[in-house]
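Note that the structure is predicted; figures quoted are calculated from it, not measured.
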Amino acid sequence: MIAKLICWGADREQAFTRAEQALGELHVQGVPTARALYGSLLACPELRKGTVHTSWLEAWLE
């Protein structure tokens, strides 16, 4: 890992909104990133609602 993007907000929705904005402004050159994956995750309704569990991501990726 060469960097970590940390976002917060007054509530969960504000934190997600800030994360989407920060991810949209993120520019990394020369190495592959998981930016597209994180963008898809931030748009996922279940994750935004917080109705996920420890094995949710594995099932979501299938």
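A distance-only check finds no donor-acceptor pair linking the side chain of Arg35 to the backbone of His27 [under 3.5 Å]. Checked by atom type and distance alone, the side chain of Arg18 pairs as donor or acceptor with a backbone atom of Trp8 at under 3.5 Å. A donor-acceptor pair under 3.5 Å links the side-chain atoms of Arg48 to the main chain of Leu42, judged by distance alone. Using a distance-only test at 3.5 Å, with no hydrogens or angles considered, a donor-acceptor pair links the side chain of Ser40 to the main chain of Ala36.
Connection of Ile6 to Leu37 is not established within any shared hydrophobic cluster, with ILVMFWY side chains joined at heavy-atom distances below 4.5 Å, either directly or through further cluster members.
Separating the CZ atom in Arg12 from the CG atom in Leu47 is a distance of 6.0 Å, to the nearest 0.5 Å. Taking NZ of Lys49 as the reference point, atom CD of Glu13 lies at 11.5 Å (rounded to 0.5 Å).
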Quiz prompt | Trp56 and Cys44: CA distance, side-chain angles, deciding distance, side-chain contact (heavy atoms from CB on, under 4.5 Å) verdict | solution = CA-CA 12 Å; Trp56 175 85; Cys44 183; 3.5 Å; yes
Self-check item: Working for side-chain contact (heavy atoms from CB on, under 4.5 Å), residues Tyr38 and Thr33
Solution: CA-CA 10 Å; Tyr38 296 137; Thr33 70; over 6 Å; no
Exercise. Go through Leu57 and Val52 one step at a time and tell me if the side-chain contact (heavy atoms from CB on, under 4.5 Å) criterion holds.
Key: CA-CA 8 Å; Leu57 181 60; Val52 298; over 6 Å; no
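Here the closest non-hydrogen pair linking Leu23 and Gly39 is CD2-N, 3.4 Å. Between Cys7 and Ala15, the shortest heavy-atom contact is CB-O, 4.0 Å.
Within a 6.0 Å sphere centred on CZ of Phe16, heavy atoms belonging to other residues, nucleotides or ligands number more than 12.
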